Amino acid sequence: MNHTILITGGAGFIGSHLTRLFVTKYPDYKIVNLDKLTYAGNLENLKDVENKPNYKFVKGDITDIEFVKKLFEEYKFTGVLHCAAESHVDRSISDPLAFVKTNVLGTVTLLQTAKDFWEDELQGKLFYHISTDEVYGSLGEEGFFTEETSYDPRSPYSASKASSDHFVRAFYHTYKLPVIISNCSNNYGPYHFPEKLIPLCINNILNQKPLPIYGKGENVRDWLFVEDHVKAIDVIFHKGKAGETYNIGGHNEWKNIDIIKELCKQMDEKLGREKGESEKLITFVKDRAGHDMRYAIDATKLKEELGWKPSLQFEEGLSKTIDWYLNNKEWLQHVTTGNYQNYYETQYDKR
Ligand code: NAD
Ligand code: TYD
């Protein structure tokens, strides 16, 4: 069937990959990208698709119910891919309320509007909520998160995402709204904002600045290449079952310190620097408050029921990511100087 899909947060890291995939793979779908363009939203991420006939960008806030209603009236969406969120744990520690507003209130605003617009005909509609493995809490040395793992969020970020997941399920059970949730592990890849560990360290290695490692660098994350994440979302959106949750992950656990050493090694080679030079930049700093020890996803359900598995080995994905940053220094420079925030005015206000 032909869809008219609302992607929220399409100018962010994962949202821009998702938007690109849907706009190019499904020319018969109409894709509307609704983004507030916070510090994390960057329309330069979508330069290659911005003139496609099936793509439209709309600047706006998912917490503004009148605005969201008007958008539903205008476009008559058949699907929602909800990516918009405040996404950085450290920012959630300094400003938890911003996370409640966007992640909880924004999600409920979208759910309420979708419910009101779709209630006469739920057939062929889907509200897809993109969430995180962080809702499950923190693991010790053993075990994995499955779809049955109890929620145990421990940071303001993960608490706000957990709350939004609960509302999505509540709308399924109470109003029969067709919903799907996926909970994914840490993503990495091109267009990743350099406040998160990997792009921050790529940028600092390039500029020979210290690489801040929280605590002892022993914390473990399960890393997935962002293009594999959005391919999984595509499979789940088209083949997944309403009311279900799917975990997405790469079975790819790394201690932070090991990941940074691998990054230093690869970047020394690519930049023609002496072996071991970038590792000297590693600096252990004060630990993050409430720092979750380990995340690891069991994605068996997704593999067995829908046939998805990651396509890239980590070293290869990391190498591709570094190459992208080295070839897109202008993007990095715009992001680190704040210049990307002028892009909307120069590109869209003149239209
Ligand atoms: P991001 O911070 O890069 O992008 C978020 C986007 O949402 C930005 O474009 C921002 O402008 C937009 N936005 C924020 N508040 C908004 C509002 N009120 N109205 C409209 N737009 C708004 O985030 P990301 O890393 O791309 O994450 C996308 C989603 O995936 C989030 O829901 C996040 O919880 C989830 N997730 C992320 C990861 C990861 O590793 N990055 C892993 C699993 C799940
Ligand atoms: P991050 O990329 O912020 O993702 P998340 O907190 O959502 O997992 O952090 C990944 C890991 O790297 C996490 O254990 C915190 C750690 N970290 C550092 O050691 N130094 C840093 O400067 C940052 C941003 C993160």
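Everything numeric here is computed off the predicted structure, so don't read it as measured data. Order of listing sets the numbers, starting from 1, for every ligand and every atom in it. The residues of the chain are indexed from 1 along the displayed sequence.
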Is there a polar contact between ligand 1 and [X], counting only N or O atoms under 3.5 Å apart?
{"X": "Thr132", "result": "no"}
{"X": "Asp35", "result": "yes"}
{"X": "Cys184", "result": "no"}

Residue and atom name of the nearest protein heavy atom (relative to [atom]), distance in Å to one decimal:
{"atom": "atom 40 (O) of ligand 1", "result": "Asn187 N, 2.9 Å"}
{"atom": "atom 2 (O) of ligand 1", "result": "Ser87 OG, 2.7 Å"}
{"atom": "atom 21 (N) of ligand 1", "result": "Lys36 N, 3.1 Å"}

Q: Could you tell me whether a side-chain N or O of Tyr191 sits under 3.5 Å from a main-chain N or O of Ala11, the two making a donor and an acceptor?
A: no

Q. Are Glu141 and Arg294 ion-paired here, with the side-chain N under 4.0 Å from a carboxylate O?
A. no

Q | Shortest heavy-atom approach to atom 4 (O) of ligand 1 - which of Gly12, Ser182, Gly10 | A | Gly12

Q. Any idea which of Ile62, Thr8, Ile14 brings a heavy atom closest to atom 27 (O) of ligand 1?
A. Ile14

Just to be sure I read this right, does ligand 1 sit under 4.0 Å from the backbone of [X], its side chain, both, or neither, counting only heavy atoms?
{"X": "Asp133", "answer": "neither"}
{"X": "Tyr157", "answer": "side chain"}
{"X": "Lys161", "answer": "side chain"}
{"X": "Thr38", "answer": "both"}

Q: Run through ligand 2 for me and note each protein residue having a heavy atom under 4.0 Å from it, chain first, then residue number.
A: His88, Val89, Glu134, Asn186, Glu195, Lys196, Leu197, Pro212, Ile213, Tyr214, Asn219, Arg221, Asn256, Arg288, His291, Tyr295

Q) Any luck finding a side-chain donor-acceptor pair between Asp165 and His129 under 3.5 Å? A) yes

Q.
So if I count the atoms of ligand 1 from 1 in the order they appear, which ones are less than 4.0 Å from some heavy atom of Ser131?
A. 43 (C), 44 (C)

**Q.** Distance (rounded to the nearest 0.5 Å) between Tyr188 OH and Ile202 CD1
**A.** 10.5 Å

